[in-house]
Amino acid sequence: MAHGLLGAMVTLIRNSAAARIDKDLGAKLRAFRLAAGLTQSELGELMGLSHSQLQKYEIGKDRMAASTLVQFCKVLKLDPMAFLGDHFHRR
């Protein structure tokens, strides 16, 4: 029974607002990488990450630390709001 409860908790967490943000940021990262003409391996090398770690970020499986997001912005020459702007309401 504990295994079923754990599975339900994992599903709940992955469907949470945070998981949706992780997936959105990952999709944006992929789009920005492609727009820059870089492969996952090339961007990973510039970042000091493996292509498999970059893939996990792009699909939203792994959450990016703020410091990682800042480094992506520096390498891709983007303003952080390119990633985050949609998540804030403008007044």
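Every residue meeting the side chain to side chain contact (heavy atoms under 4.5 Å, CB included) condition with Ala65, not counting sequence neighbours, appears here in chain and number order: Ser67, Thr68.
A salt bridge does not link Lys61 to Asp22: none of the charged side-chain nitrogens sits closer than 4.0 Å to a carboxylate oxygen. Between Asp24 and Lys28, at least one side-chain N (NZ, or NE/NH1/NH2) sits under 4.0 Å from a carboxylate O, which counts as a salt bridge.
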Taking only distance into account, with no hydrogens and no angle test, what donor-acceptor pairs under 3.5 Å do side-chain atoms of residues 47-59 form with protein atoms, sequence neighbours excluded?
residue, atom, partner, partner atom, Å
Ser50, OG, Ser52, OG, 3.0
Ser50, OG, Gln53, N, 3.0
Gln53, NE2, Asp62, OD2, 3.0
Glu58, OE1, Arg33, NH2, 3.1
Glu58, OE1, Gln40, NE2, 2.9
Glu58, OE2, Arg33, NE, 2.5
Glu58, OE2, Arg33, NH2, 3.4

Could you tabulate the donor-acceptor pairs under 3.5 Å formed by side-chain atoms of residues 71-79, not counting sequence neighbours?
residue, atom, partner, partner atom, Å
Asp79, OD1, Met81, N, 2.7

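Separation of atoms CD1 (Ile21) and CZ (Arg63) is listed at 8.5 Å; rounding is to 0.5 Å.
Contact check for Leu69 versus Leu84: side-chain heavy atoms found under the 4.5 Å cut-off.
Other residues, nucleotides and ligands contribute over 12 non-hydrogen atoms within 6.0 Å of the CD atom of Glu42.
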